[in-house]
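This report concerns only the one structure given below.
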Number of protein chains: 2
Amino acid sequence: MNAITDFPIVLKPLGGLRPCATCRVRQVSICEAIPEADLARLGACAIGGIARPGTLFIAEADPANAFFNIISGTARLYKLLPDGRRQITGFADGGNFLGLAVSDTYAFSAEAIDTVCYCIFPRIRLRALMHDFPHMEARLLKFASTELVAAQEQMLLLGRKSAQERVASFLMARSRLAAAQGSPACFILPMARGDIADYLGITIETVVRTLRKLRDEGMIAVTNTSEVVICNALALQCLANGSHRG
Amino acid sequence: MNAITDFPIVLKPLGGLRPCATCRVRQVSICEAIPEADLARLGACAIGGIARPGTLFIAEADPANAFFNIISGTARLYKLLPDGRRQITGFADGGNFLGLAVSDTYAFSAEAIDTVCYCIFPRIRLRALMHDFPHMEARLLKFASTELVAAQEQMLLLGRKSAQERVASFLMARSRLAAAQGSPACFILPMARGDIADYLGITIETVVRTLRKLRDEGMIAVTNTSEVVICNALALQCLANGSHRG
DNA sequence: CGGTCACTTGATCGTCTTCAATACCAGTGG
DNA sequence: CCACTGGTATTGAAGACGATCAAGTGACCG
């Protein structure tokens, strides 16, 4: 019996002698603020967690007792209306930090798209860490600022862009993400059409139709529904910017 | 000749012996982080500014050399598309802090709606302040978190709410703001219809028609285009939440 | 008074949604 | 090996909501 495969969510203390020293996302996450010498202290503050595909691991309105640091996989962050309408506010993957909250409850929900591994920092312990390593607070502020700028860009998309411009923007953003892994022109979308639709404020059908249109116009190629090839990045970027109308 | 009335933007060192000590918004702004004894130091870091109605005082893509603390008045924060489409990402009034940026340029523009008074903190000086008063960084983080939560709520609105739900949400948010001044049921909208439209991701005409519909349904009363009276807060809140369909 | 500007109202149009049917693919068991 | 099943993706047709276009109103001001 294997806990990792039999349960949707698994928790365990960070194992090994130097759990954080070998962390693949440490340098790009908020943990970068902790000097090498104090990694043991850092590791003692966190609990490891694994969420299998489709699993909810942060629930809107639940007490915000902990913060999360995504190690691998991709999660969707979203808010719901009472009748089920969903707005995905973002996708979080390796290196992302979740749980910033004003009140003492979470303002959004988070679900694993593929298998997601993360570190859980109980609120109290992270606060202690921030107290002892002030650079961590600066790091967190920078992260929050980045998120804020992204959120404003997304508001522009949701409020003022056409369906085509939205999909183009999304694809270019994904391309930039893939560029970090070395292949800006060809990448895999971990999320389903429904997730893209709820992220862009349109319907599944419109996502499909728009992708088809972009394909017909030769800007992209779509192989097996999840793999995208950018054929004309310039044209796609113009579309995304909205610099094609006048 | 009066500089304050003859020029759109006026800059001057904070005058008086105790400029910050008498500041009306100090307790609710990030300056709350500075102890009483150090107010002289705080005042020396800032420059006073006044922007007359319609004046741009932060321009997207300009070098982000300074941060702003709004003292009085209301500003609109927005992003533009090349063809002129505008998305207002928020309204800033007394106590609000502007200028958080990831890169070294502003990610948005800010214009005065009515006459706006503010304090300008050159980037370097604010950094020094944050270094000497670590609580200020915590305060800033809290502010950024609050903004982030508001931005996510706005994404839900822009992506998934109907025009009626958007206007209702806007009015209830304004009502909550007015509640701080003691009158949640009756307040003045400082911004024009066009600003509301660009904030809610709809057109001026739709704003007008929706306000009229809410008026006809007895939820609100509109006196002179800028004054609103909430007649049925409960119904309006239900509409805003989207809890009226299912 | 003539001008401007913001707001309002009406009529028409288009984009995207909704509804419905079909295709596709992986997994399961006969 | 192939029918069956559940889920996701795709495509088509009809409809609705909000946008666009155009005209009219009212307030303020030189």
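Just the heavy atoms: all of them, side chains too, but no hydrogens, waters or symmetry mates, feed the values below. A, B, ... follow the sequence lines: proteins, then strands. Residue 1 opens every chain. Values in this document were obtained by computation on a predicted structure and should not be read as measured data.
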- [ ] Please tell me which of the listed nucleotides, C:dA6, C:dT9, C:dT18, lies nearest to the side chain of A:Glu205?
- [x] C:dT18

Task: Rounded distance in Å - CD1 (B:Ile204) to P (C:dT9) - done: 14 Å

- [ ] Could you tell me the separation between the CG atom of A:Leu200 and the C1' atom of C:dC16, rounded to a whole number of Å?
- [x] 14 Å

I'd like to check the side chain to side chain donor-acceptor pair (under 3.5 Å) partners of [X]; sequence neighbours left out, ordered by chain and number.
| X | result |
| --- | --- |
| A:Glu205 | none |
| A:Thr105 | A:Ser103 |
| B:Thr206 | B:Thr203 |

Would you mind writing out the side-chain donor-acceptor pairs for residues 171-181 of chain A within the sub-3.5 Å range, not counting sequence neighbours?
from	atom 1	to	atom 2	distance (Å)
A:Ser175	OG	A:Pro184	O	2.6

- [ ] For A:Gly201, answer base if it contacts any base atom (sugar-phosphate contacts may also be present), sugar-phosphate if it contacts only those atoms, and nothing otherwise; contact means non-hydrogen atoms under 4.0 Å.
- [x] sugar-phosphate

Open item on the list: Considering only residues two or more places apart or on different chains, which pairs with a residue in residues 208-217 of chain B satisfy side-chain hydrogen bond (donor to acceptor under 3.5 Å, both in side chains)?
Closed with: B:Arg212-B:Asp216

TODO: Pull out every residue in residues 208-226 of chain B that has a heavy atom closer than 4.0 Å to any atom of DNA chain C, ordered by number, or say none.
DONE: B:Val208, B:Arg209, B:Arg212, B:Thr225

Task: Contact list for DNA chain C against residues 157-170 of chain A - heavy-atom distance below 4.0 Å - done: A:Ser162, A:Ala163

Show me the side-chain donor-acceptor pairs of residues 74-81 of chain A shorter than 3.5 Å, one per line, residues at least two apart or across chains.
from	atom 1	to	atom 2	distance (Å)
A:Arg76	NE	A:Glu111	OE1	2.8
A:Arg76	NH1	A:Asp195	OD1	3.4
A:Arg76	NH1	A:Asp195	OD2	2.8
A:Arg76	NH2	A:Glu111	OE1	2.7
A:Tyr78	OH	A:Glu111	OE2	2.7
A:Lys79	NZ	A:Ala107	O	2.9
A:Lys79	NZ	B:Glu153	OE1	3.2

TODO: Please identify each residue that fulfils salt bridge (Lys or Arg N to Asp or Glu O under 4.0 Å) with A:Arg193, with sequence neighbours left out.
DONE: none

TODO: Could you pull out all residues at least two apart from B:Glu147 that satisfy salt bridge (Lys or Arg N to Asp or Glu O under 4.0 Å)?
DONE: none

Task: Shortest non-hydrogen contact between A:Cys231 and A:Gly218, atoms and distance - done: CB-O, 3.4 Å

Open item on the list: Using the ring pair (Phe, Tyr, Trp, His ring centres under 6.0 Å) criterion, which residues pair with B:Phe68? Sequence neighbours excluded.
Closed with: B:Phe57, B:Tyr118

Task: Nucleotide interval of DNA chain D bounded by contacts with chain B (heavy-atom cut-off, under 4.0 Å) - done: D:dG18 to D:dC21

